Amino acid sequence: MRAGLTTGTGIALAAPVLVPVFLGSRHAHPGLVKEFDPAPATDVLARLLPVTYSFATPAAFVSTAVLLLVAALPFRREIPGRRRWAWAGLCLAVAASLQWGPTHLVWHAFATPNGSPYRQTFVLSGVLVLAAWTGLAHGPPSRRALLGGVAVVAALSLGALPSPFLTPWALALTAAGLAATAGALLLTRRGRHGALAALLVVGTVVGQAAATTAYADRERLARLDDYPPWGDAQRRRAAALAEADGWPAHRTDPGLPRVAGNDPLLLGGQGAAYYSSHTPAVLTELMTALGGGWTSRGRNLLSLDNPVTDALFGVGARWRAGEVVRADPSAPPLPLVTVRPPGPGPAYGPSPFRNQELLLGARVYEAPRAGGACRVGTEVFLWAPDATGTAGLGRYETELLGGRPKRRAALTSLGVQERAGARPRIPRGGTAEVRCLDRDRLRAAVAALRGRAATGVEVRSDGLTATLPPGATGTAVVAAPRIAGWRCEGRPARAYGGLLAVGIRPGATAVRCAFHPPGLRAGLTAGAAGTLLLALSWRLGTGSRRRAGSRAGGRWEGPAGGPAGGPAEGEAQGPAGSRAEGRAEGRTGGRAESPAGSRAEGRT
């Protein structure tokens with residue numbers, strides 16, 4: 001009951017995070033759905049040892065000291081069998097759950113993460129530490145138990161020999177750690193050389209951890225994607241973006257090249273680049289429909305540098321070619337909230353150019369003329385989502401990185417058509433579509449939308465309020481994706497082409513929307529209940545400890561000869577049931593010492 005109550009209290013206290021994460025997985029872009037493929041047993045055993053690295057296997061290494069204490073636990077007969085085997089069984093059960101498909105999904109809230117499927121491994125490491133401490137709390141293991149533990153660790157190491165991840169250093173450090181930890185435990189059991197024993201254990205833990213970290217850092221750089229280190233260039237870029245920031249009057253996009261997966265969080269601004277295992281499906285679908293690019297099977301969105309989408313999302317400044325480029329003063333960005341005519345929102349099709357026009361409400365692209373060339377003076381845009389290579393027009397070149405299901409190249413500009421008849425160079429690979437943007441048409445379309453836009457927008461940390469123009473009717477559209485959790489005017493928000501929208505009531509002068517992560521209220525309620533339960537259990541535990549202390553060290557009084565069945569005259573019952581005999585000294589208040597050193601007083 002105590003274990004169940006403690007576990008339930010812990011889950012309740014974590015519920016403000018757990019419940020939104022669980023519900024958030026239901027709204028996340030699924031990425032590439034594939035069957036869970038467990039790692040080979042030899043690789044799993046290898047990752048229990050120091051100086052190993054692999055991205056797609058469970059990194060369960062803590063230290064050889066912990067591994068030895070856990071392995072010795074089943075051989076320690078002085079510990080109750082139920083406790084020994086419960087901890088050993090828990091370690092095995094958690095390790096097995098990492099390798100079974102259904103429990104793998106349970107660990108990850110039923111959403112397989114991108115990359116390594118063993119992100120729950122830290123739980124196994126924690127259980128190993130708890131099991132090791134449970135054994136050590138009963139004192140150092142005997143020589144027999146140590147020999148059994150060493151044999152188990154040696155068997156695990158032998159089982160890991162076929163793994164390609166096992167290194168000579170792993171075996172050497174495991175052997176050294178076994179010898180050092182076993183020696184320290186034997187010294188402690190004999191009660192001698194405590195400082196030397198501590199030095200041996202600390203040296204094992206710190207030395208193995210340092211070696212493993214250094215090895216993993218080197219291997220990670222060689223095997224995974226490389227991003228530029230943070231330095232003066234990134235600091236200058238962040239400072240320039242901060243100077244150009246004008247939110248909520250306009251957005252600032254940190255642009256390309258990217259530094260990491262979440263550049264708006266790292267560098268500043270309000271761009272569309274975003275990465276998470278819980279990237280909302282509606283955000284990925286919206287940006288994909290408008291020509292956006294992504295990696296990580298749709299969960300890592302890239303910045304979309306396009307004049308039409310910049311107008312739709314109110315981007316007034318973006319980083320491009322090493323500097324902040326501001327919007328054309330003759331066509332300032334749209335406000336965050338615009339008013340659209342009554343009726344349903346756009347239904348997207350396969351062409352991102354047409355989808356942009358549907359959301360904008362005007363035709364702004366032209367098809368290339370005969371021969372595949374755009375009209376002189378228009379800006380040439382290419383959409384080739386699966387192409388990888390160099391695309392260009394004249395002297396202008398740009399790199400594409402596509403290839404579904406993992407990557408999708410973004411719609412990109414090839415520059416302004418300066419010479420009649422010049423055709424774009426397109427790398428091979430999948431569908432390719434070229435369109436020619438007429439900037440004059442775009443300015444006219446933006447001006448028409450600005451005439452029906454909100455006259456003021458107040459943005460809060462949990463929502464926004466937009467002041468509408470007089471006589472506004474139709475639908476107020478917010479330039480933000482309609483992710484789960486939005487409510488407008490007290491009702492669940494509508495969607496308009498994937499954007500947040502709310503119908504305008506007759507005579508309304510403003511619209512109000514608020515956002516609460518799904519499950520946050522339920523999680524907070526459970527967290528409050530957990531806090532109350534924790535306080536109650538602490539209060540009850542304090543009272544229980546006080547009563548126990550009162551029985552152990554309090555005053556016992558009774559008539560001469562003691563009560564029936566109680567201690568005889570001059571005797572006091574010790575806390576463990578043993579008796580301490582008091583010596584009458586011809587006065588009241590004679591005292592007797594109990595074996596535990598506590599005093600019991602009786603009358604003579």
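Remember, predicted model here, so these are calculated numbers, not experimental data.
The environment of CZ in Arg235 is crowded: more than 12 heavy-atom neighbours from other residues, nucleotides or ligands sit within 6.0 Å. At most 12 heavy atoms of other shown residues, nucleotides or ligands fall within 6.0 angstrom of atom CH2 in Trp133.
Judged purely by distance below 3.5 Å, without hydrogens or angles, the side chains of Thr288 and Trp294 pair a donor atom with an acceptor atom.
A perpendicular orientation is assigned to the rings of Phe36 and Tyr118, their planes being inclined by more than 60° (bins at 30° and 60°). Between Phe110 and Phe22, the angle of the ring planes goes over 60°, which puts this pair in the perpendicular group of the 30/60° scheme.
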(Q) side-chain hydrogen bond (donor to acceptor under 3.5 Å, both in side chains) for Arg47 and Thr52? Distances and angles first, verdict last. (A) CA-CA 6 Å; Arg47 299 310 311 279; Thr52 63; 3.0 Å; yes
Q: Evaluate the criterion side-chain hydrogen bond (donor to acceptor under 3.5 Å, both in side chains) for residue pair Trp107 and Ser97; output intermediate values, then yes/no.
A: CA-CA 9 Å; Trp107 278 117; Ser97 71; 2.8 Å; yes
Q. Stepwise, does the salt bridge (Lys or Arg N to Asp or Glu O under 4.0 Å) test hold for Asp386 with Arg404?
A. CA-CA 6 Å; Asp386 296 315; Arg404 287 172 285 184; 2.6 Å; yes
Q: Please lay out, stage by stage, how His516 and Arg521 fare under the test side-chain hydrogen bond (donor to acceptor under 3.5 Å, both in side chains).
A: CA-CA 8 Å; His516 294 281; Arg521 289 190 179 94; 3.3 Å; yes
Q: Step by step, work out the side-chain contact (heavy atoms from CB on, under 4.5 Å) result for Arg258 and Ser303.
A: CA-CA 8 Å; Arg258 66 176 181 172; Ser303 175; over 6 Å; no
Q: For side-chain contact (heavy atoms from CB on, under 4.5 Å), just list the numbers for Leu90 and Val94, CA-CA rounded to whole Å, side-chain angles, deciding distance to a tenth of an Å, and then say yes or no.
A: CA-CA 6 Å; Leu90 180 61; Val94 174; 4.1 Å; yes
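Looking at every heavy atom in both residues, Gly530 comes nearest to Thr9 through O-CG2, 3.6 Å.
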